[in-house]
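One structure is given below, encoded as structure tokens.
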Amino acid sequence: MATKDYRLLCLENPLLDIQAVGDEALLEKYGLKANDAILAEEKHQGIFEDLLNNYDAKLIAGGAAQNTARGAQYILPPNSVVYLGGVGDDKYAAILHDAVKQAGLRVEYRVDPKVQTGRCGVVITGHNRSMCTELGAANHYDLEHLKKPEVWSLVENAEAYYVGGYHFTVCPPAIMELCKQAADRNKPFILSLSAPFICQFFKEPLDASAPYWDYVIGNETEAAAYSESHSLGLTDVKEIAKALANLPKINTQRKRVAIITQGTEPTIVAVQGEDAVKEYPVHEIAKEQICDTNGAGDAFAGGFCAGVVDGKSLDESVHLGQWLALLSIQELGPSYPFPKQTPPTN
């Protein structure tokens, strides 16, 4: 049976990931630590061109939710996913367009003629990753772009919405519009907590969106940060998952599902109003097959979203997420193998 196009709509902050194997001298040149994630300052500005021109850089259409969008599109039929965010009018945006085209992902970027496209320079030394991010035009996404007729028609057409929590730092009103659209039309709204600092320092916009979450995804560190910042007094991951699942909810036609990933430990799933909390052991892999765990959480969300959009059961959707994360960690950066692999049938 033919399915309609662009059933999943994703929103967050697009970045061009510029990844390369470097050395101590490169880290020293820009005052970077071997294993770190920072926002770029003045002294770091040269690193992006340096990596592009002087190292064998791999270019990836990055930003957490864009990784997730690529992941969902990897599994779903062609033309299933559209992604929104802000970019500049420059060569970095052109490279981004090429990268998403290869992934089969449709993008509708807000183009800012005055601000450069966001970039993330990644210096790899051994098993360490030093990430240096310049948000650039991703920081300037606005409600006006979302409400443009050609973009809003995609919102209305979509059957599910995925928002990465990093967007709470950019345009909460755009997130709330998607929340309301989902609730009014009984479409699933999926949120990723994204990072501990979102729970800690962007609590107000995060909490405003909470009644609209049909699915909320986080890892154990983000769950702990949520518990602490909301004074839940909980440290057990299962109890935090239950607390998230049972927060007040606007669309009562869907039970909220809270999903907490824990790296190699089992994925925890709690459903609103249900006492039992499920554990899903992760798919095992030999240590030597692991190339890079950067983006594994984004990949899990991509597989999970694909399952939700395709009407799969909760069990199947979790397994799809785990399967895609497993593929991703065997690649460099938040990537998926080509030629495409097809998910196993459980």
Quiz question: by atom type and distance under 3.5 Å, do the side chains of [X] and [Y] form a donor-acceptor pair?
| X | Y | value |
| --- | --- | --- |
| Asn35 | Arg129 | no |
| Thr267 | Gln322 | yes |
| Asp90 | Thr117 | yes |
| Ser313 | Glu316 | yes |
| Asp315 | Tyr280 | yes |
| Glu228 | Gln200 | no |
| Asn13 | Asn139 | no |

Evaluate the side-chain proximity of [Y] to [X]: yes if any heavy-atom separation is below 4.5 Å, no if none is.
| X | Y | result |
| --- | --- | --- |
| Leu59 | Leu52 | yes |
| Tyr55 | Val21 | no |
| Leu84 | Val107 | no |
| Leu178 | Phe189 | yes |
| Ile190 | Asp214 | no |
| Gln262 | Ile268 | yes |
| His44 | Ile38 | yes |
| Pro188 | Arg254 | yes |

Rounded to the nearest 0.5 Å, what separation is found between the OH atom of Tyr215 and the OG atom of Ser317?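 If I round to the nearest 0.5 Å, the distance is 6.5 Å.
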Mark yes or no for whether [X], through its side chain, and [Y], through its backbone, hold a donor-acceptor pair below 3.5 Å.
| X | Y | answer |
| --- | --- | --- |
| Asp310 | Lys312 | no |
| Ser194 | Gly165 | yes |
| Gln45 | Glu41 | yes |
| Asn246 | Gly273 | yes |
| Gln73 | Pro77 | yes |
| Ser328 | Ala299 | no |

With the threshold set at 4.0 Å, does a side-chain nitrogen-carboxylate oxygen contact exist between Lys238 and Glu279?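 A salt bridge is present here (some side-chain N lies under 4.0 Å from a carboxylate O).
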Is the shortest distance from a Lys or Arg side-chain nitrogen in Asp17 or Lys58 to a carboxylate oxygen in the other one below 4.0 Å?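 Salt bridge flag = no for Lys58 with Asp17.
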Tell me whether the rings of Tyr74 and Phe338 are parallel (<30°), tilted (30 to 60°) or perpendicular (>60°). perpendicular
More than 12 heavy atoms of other groups within 6.0 Å of Lys114 NZ: no
Between [Y] and [X], is there a cation-pi geometry (under 6.0 Å to ring centre, at most 45° from the normal)?
| X | Y | result |
| --- | --- | --- |
| Lys187 | Tyr161 | no |
| Arg106 | Tyr6 | yes |
| Arg119 | Phe48 | yes |

Minimum heavy-atom separation for Leu9 and Ala158, please, with both atom names. CB-CB, 3.9 Å
Check the pair Leu16, Ile60 against side chain to side chain contact (heavy atoms under 4.5 Å, CB included), reporting the backbone distance first and the verdict last. CA-CA 6 Å; Leu16 178 66; Ile60 295 173; over 6 Å; no
Intermediate values then yes/no, ring pair (Phe, Tyr, Trp, His ring centres under 6.0 Å), Tyr83 and Tyr162: CA-CA 9 Å; Tyr83 171 84; Tyr162 176 85; 9.5 Å; no
Could you walk me through whether Ser209 and Met176 pass the side chain to side chain contact (heavy atoms under 4.5 Å, CB included) check? CA-CA 6 Å; Ser209 74; Met176 293 309 295; 4.0 Å; yes
According to salt bridge (charged side-chain N to carboxylate O under 4.0 Å, His left out), who are the partners of Glu220, at least two apart in sequence or on a separate chain?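 Testing Glu220 for salt bridge (charged side-chain N to carboxylate O under 4.0 Å, His left out), a comparison that skips the adjacent residues, returns none.
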Begin with the C-alpha distance, continue with both residues' side-chain angles, and end with the deciding distance and a verdict on side chain to side chain contact (heavy atoms under 4.5 Å, CB included) for Leu146 and Tyr141. CA-CA 9 Å; Leu146 185 72; Tyr141 190 81; 3.7 Å; yes
Test salt bridge (Lys or Arg N to Asp or Glu O under 4.0 Å) on Asp5 and Arg7; report intermediate values, then the result. CA-CA 6 Å; Asp5 288 348; Arg7 291 177 290 154; over 6 Å; no
Could you walk me through whether His97 and Tyr109 pass the ring pair (Phe, Tyr, Trp, His ring centres under 6.0 Å) test, one step at a time? CA-CA 10 Å; His97 274 288; Tyr109 292 141; 5.1 Å; yes
Go through Glu177 and Lys147 one step at a time and tell me if the salt bridge (Lys or Arg N to Asp or Glu O under 4.0 Å) criterion holds. CA-CA 9 Å; Glu177 284 296 322; Lys147 284 302 184 87; 3.3 Å; yes
Would Lys242 and Glu274 count as a salt bridge (Lys or Arg N to Asp or Glu O under 4.0 Å) here? Give the steps. CA-CA 8 Å; Lys242 275 173 82 168; Glu274 295 182 13; over 6 Å; no
Stepwise side chain to side chain contact (heavy atoms under 4.5 Å, CB included) check, Val111 with Val87: CA-CA 5 Å; Val111 179; Val87 299; 4.2 Å; yes
